[in-house]
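Shown next, in structure tokens, is the structure this report addresses.
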Amino acid sequence: VTVTNHVAATSDVGGRAAPFVSIVMPAYNEEARLPAGLDRVTAFLAAQPFAGEIVIADDGSRDCTPEIVRERMAALPAGVSMRLVQHERNRGKGAAIRTGVLAATGRYVFFMDADLATPVEESLKLLDELKRGAAVVAGSRIQPDGSDMRASQPAQRRLVGRLFTTMRKAMRVLPDIDDTQCPMKGFDREAAQSIFQQQRLSGWIFDAEVLYIARSLGYGIVSVPVSWRHVEGSRLRVRPQQAWEVFRDLVRLRFLHPRKTRAKG
């Protein structure tokens, strides 16, 4: 698969500042939602006391998504860099995030959706845990009082989510984690590289795969409650054969990712 890479960056006088944080956002035909999301993430990073990098992983878009990213590259504030990596064809969200994470250069690497259903500001909660020594931090839409922010989803989406969680736990795949599918996760650089070099699934359950690989490599996983809201325009389509596909991929996890030794470098 060919991946093209375009980079634009700003730096402090005297040389480019290495990113402290990289934020990876997958994008597929996101010309309607991406401009606002990019502007918000750029403003967020510009306000931080560290250098930040945005990595847009374009998954074969046929609209103006790449052009929007290149326009933003031309006018970045100090301390913020932007990178565009592209697939020649649509390969799925999991594949896009894998490409983006492996291209990221930050000490800490996050991924989140372009619609910012989980606001980018919530990443600071995850960053606090990473700075305290955690290697993998997963956002959770379940709050300390037991309330679940997924309640804002349409009924069909809530049902699919519950069925997936029930199936996953019954198959003993991360049975102690209640929300594997929250679209915000953070990693230190070593963990990000080790995990995503081995990530293979491109479909809906890739989030669970990422956490499953982390555990198979011996990384601890810290769950942090984050804010989340349902945003219209999701590309997830509920299909009758989806239950079989999810079951198949849950079975494949054990064969794809037995307990392993961490990759070096």
Side-chain angles (χ1 to χ4, degrees), residues 1 3 24 26 28 57 59-60 87 89-102 109 111-113 117-118 135-142 148 150 153-187 190-224 228 234-263:
V1 176
V3 177
V24 176
Y28 176 59
D59 193 27
H87 291 164
R89 60 179 178 83
N90 181 246
R91 298 175 55 206
K93 182 179 178 181
I97 289 180
R98 179 180 191 270
T99 296
V101 169
L102 292 178
V109 182
F111 69 76
M112 62 190 69
D113 287 348
T118 296
V136 180
V137 185
S140 173
R141 292 165 290 187
I142 300 172
D148 191 336
R150 290 171 292 185
Q153 289 180 320
Q156 187 180 44
R157 289 288 298 274
R158 292 200 306 273
L159 176 61
V160 170
R162 290 193 191 106
L163 289 175
F164 168 72
T165 300
T166 300
M167 186 185 303
R168 174 175 60 79
K169 290 188 174 185
M171 297 175 68
R172 305 297 296 170
V173 175
L174 305 168
D176 58 321
I177 299 178
D178 290 322
D179 184 12
T180 59
Q181 304 307 109
C182 180
M184 178 180 283
K185 295 179 176 65
F187 312 83
E190 177 192 337
Q193 291 291 315
S194 295
I195 293 166
F196 282 88
Q197 284 171 12
Q198 301 182 37
Q199 187 249 328
R200 294 292 178 266
L201 300 179
S202 59
W204 185 61
I205 77 163
F206 86 92
D207 286 275
E209 181 195 23
V210 166
L211 299 180
Y212 190 88
I213 295 170
R215 186 157 287 173
S216 78
L217 291 171
Y219 290 112
I221 300 169
V222 176
S223 292
V224 173
W228 181 89
S234 169
R235 300 189 186 282
L236 175 63
R237 297 293 177 263
V238 179
R239 307 181 310 275
Q241 69 267 34
Q242 195 165 41
W244 158 248
E245 292 171 358
V246 168
F247 175 78
R248 177 200 63 197
D249 284 347
L250 285 171
V251 171
R252 289 178 65 199
L253 283 181
R254 297 185 183 278
F255 295 95
L256 287 170
H257 310 295
R259 195 163 189 84
K260 301 176 181 179
T261 301
R262 295 179 192 173

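Between Val24 and Met112 the shortest side-chain heavy-atom distance does not fall below 4.5 Å. The shortest distance between side-chain heavy atoms of Phe196 and Val109 does not fall below 4.5 Å. Residues Arg150 and Asp179 meet the side-chain proximity criterion, which asks for heavy atoms closer than 4.5 Å. For the pair Phe111/Pro183, no side-chain contact is recorded, criterion being any heavy-atom separation below 4.5 Å from C-beta on. For the pair Ile97 and Val210, the minimum side-chain heavy-atom distance is 4.5 Å or more. A heavy-atom distance below 4.5 Å is found between the side chains of Ile221 and Ile177.
Taking the six-membered ring for Trp and thresholds of 30 and 60 degrees, Trp204 and Phe164 have ring planes more than 60 degrees apart, a perpendicular arrangement.
Here Lys93 pairs with Asp113 in a salt bridge; the nearest charged N to carboxylate O distance falls below 4.0 Å. Using a 4.0 Å cut-off between charged nitrogen and carboxylate oxygen, Asp59 and Arg89 do not count as a salt-bridge pair.
For the atom pair OG1 (Thr180) and OH (Tyr212), the distance works out to 13.0 Å, reported to the nearest 0.5 Å. Considering CD1 of Ile213 and CG of Leu211, their distance stands at 9.5 Å, rounded to 0.5 Å. Atom CZ in Arg172 sits 8.5 Å away from atom CZ in Arg254 (nearest 0.5 Å). Taking CZ from Phe206 and CD from Gln181, the interatomic distance works out to 8.0 Å, rounded to the nearest 0.5 Å. Here the CD atom belonging to Gln199 is positioned 10.5 Å from the CG atom belonging to Leu256, to the nearest 0.5 angstrom. Thr166 contributes atom OG1, which lies 13.0 Å from atom CE of Met171 (distance to the nearest 0.5 angstrom).
Take Arg252 and apply the side chain to side chain donor-acceptor pair (under 3.5 Å) test, not counting sequence neighbours, and it matches Asp249.
Minimum interatomic distance between Gln193 and Val101 (heavy atoms only, all atoms of both residues): NE2-O, 3.7 Å. In terms of heavy atoms, Ala191 sits closest to Ala135 at CB-O, 3.7 Å.
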- Audit row: Asp178, Arg168, salt bridge (Lys or Arg N to Asp or Glu O under 4.0 Å) steps and yes/no: CA-CA 10 Å; Asp178 290 322; Arg168 174 175 60 79; 6.0 Å; no
- Derivation and outcome, side-chain contact (heavy atoms from CB on, under 4.5 Å), residues Leu163 and Val246: CA-CA 10 Å; Leu163 289 175; Val246 168; over 6 Å; no
- Task: Please report the C-alpha distance between Arg141 and Cys182 in whole Å, then the side-chain angles of each, then the deciding distance to 0.1 Å, and finally whether the side-chain contact (heavy atoms from CB on, under 4.5 Å) criterion is met.
- Result: CA-CA 6 Å; Arg141 292 165 290 187; Cys182 180; 4.0 Å; yes
- Message: Set out, in order, the CA-CA distance, both residues' side-chain angles and the distance that settles side-chain contact (heavy atoms from CB on, under 4.5 Å) for Ile195 and Arg98, then state yes or no.
- Response: CA-CA 9 Å; Ile195 293 166; Arg98 179 180 191 270; over 6 Å; no
- Query: Stepwise, does the side-chain contact (heavy atoms from CB on, under 4.5 Å) test hold for Tyr219 with Phe187?
  - Reply: CA-CA 10 Å; Tyr219 290 112; Phe187 312 83; over 6 Å; no
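Identified under the salt bridge (charged side-chain N to carboxylate O under 4.0 Å, His left out) test for residues 197-210, with sequence neighbours left out: Lys185-Asp207.
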